[in-house]
Amino acid sequence: MAVTIFDKILAGDIPCQKIYEDEFVLAFRDVNPQAPTHALVIPKKRVERFQEYKAADPIDVGQFFNRVAKVASELGLEKRGYRIVINNGADGQQSVEYLHAHILGGRQLAWPPG
Ligand code: 5GP
């Protein structure tokens, strides 16, 4: 597995604007925000693509989504709402091959996405 920019952020080799960290996940600000609030959440147990979760321990999957919800709450996004995006593979426009959930909020988002 190729080392990605998110492996380096997790290892502390590249700085990030950390939002939240525990034994399961790291959450940090996206370097190129697409909304007033744009966070990324990555699982510490390395997964390249969301599609791998079909064979993962449901507890790991659940911990990840639980933390995504927790981070969105801590960012103050629950009242107005927010969007979770997980890009998977080429057609999904995944550019970093390390599973990550985008949390987007702080403005009215458009639908459908491009
Ligand atoms: P993807 O297109 O793979 O779903 O999203 C990758 C995201 O990672 C993009 O929104 C991009 O702005 C963000 N990103 C890429 N490199 C870095 C980095 O070095 N630091 C941070 N904080 N975000 C990054």
Side-chain angles (χ1 to χ4, degrees):
M1 280 196 276
V3 174
T4 70
I5 198 97
F6 293 170
D7 289 283
K8 292 178 184 172
I9 287 174
L10 192 54
D13 296 336
I14 290 178
C16 71
Q17 274 188 271
K18 191 187 293 187
I19 297 166
Y20 176 87
E21 182 172 18
D22 65 14
E23 63 193 292
F24 301 110
V25 303
L26 174 67
F28 50 96
R29 304 265 174 195
D30 195 295
V31 79
N32 183 22
Q34 301 301 311
T37 301
H38 187 171
L40 300 170
V41 186
I42 64 171
K44 289 194 171 177
K45 192 180 275 190
R46 198 182 193 294
V47 172
E48 289 195 350
R49 294 187 180 184
F50 177 74
Q51 66 197 49
E52 292 168 39
Y53 267 180
K54 66 182 180 288
D57 186 333
I59 291 176
D60 292 337
V61 179
Q63 291 284 17
F64 181 65
F65 280 105
N66 171 263
R67 294 320 194 265
V68 172
K70 186 179 169 79
V71 170
S73 177
E74 292 195 358
L75 287 167
L77 296 173
E78 287 186 334
K79 187 159 188 264
R80 287 184 50 183
Y82 57 87
R83 182 173 296 163
I84 304 299
V85 174
I86 297 177
N87 296 324
N88 185 81
D91 275 3
Q93 291 259 16
Q94 182 177 1
S95 63
V96 179
E97 290 281 323
Y98 190 123
L99 171 65
H100 50 283
H102 298 254
I103 301 173
L104 296 146
R107 68 169 168 84
Q108 178 65 65
L109 298 168
W111 189 263

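Excluded from the calculations below are hydrogen atoms, water molecules and symmetry mates; all remaining heavy atoms, backbone and side chain alike, are included. Read the numbers this way: they start at 1 and go in the same order the structure lists the ligands and their atoms.
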Visitor: Non-hydrogen atoms closer than 4.0 Å to ligand 1: which protein residues do they belong to? List them by chain and number, please.
Guide: I5, F6, I9, F28, R29, D30, V31, N32, L40, N87, Q93, Q94, S95, V96, H100, H102
Visitor: If you link I, L, V, M, F, W and Y whenever their side-chain heavy atoms are under 4.5 Å apart, who else ends up in the same group as V3?
Guide: none
Visitor: With side chains defined as the heavy atoms from C-beta onward, is the minimum distance between I103 and T37 less than 4.5 Å?
Guide: no
Visitor: Quick one: does K44's side chain have a donor or acceptor within less than 3.5 Å of a partner on L10's backbone?
Guide: no
Visitor: With no hydrogens and no angle check, is any side-chain donor or acceptor of R83 less than 3.5 Å from a backbone partner on H102?
Guide: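 No; judged by distance alone, with no hydrogens or angles, the pair does not exist.
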Visitor: Given the side-chain rings of F50 and F64, with only the six-membered ring counted for Trp, is the space between their centroids under 6.0 Å?
Guide: no
Visitor: Is it true that Q51 and N88 share a donor-acceptor pair across their side chains at a distance under 3.5 Å?
Guide: yes
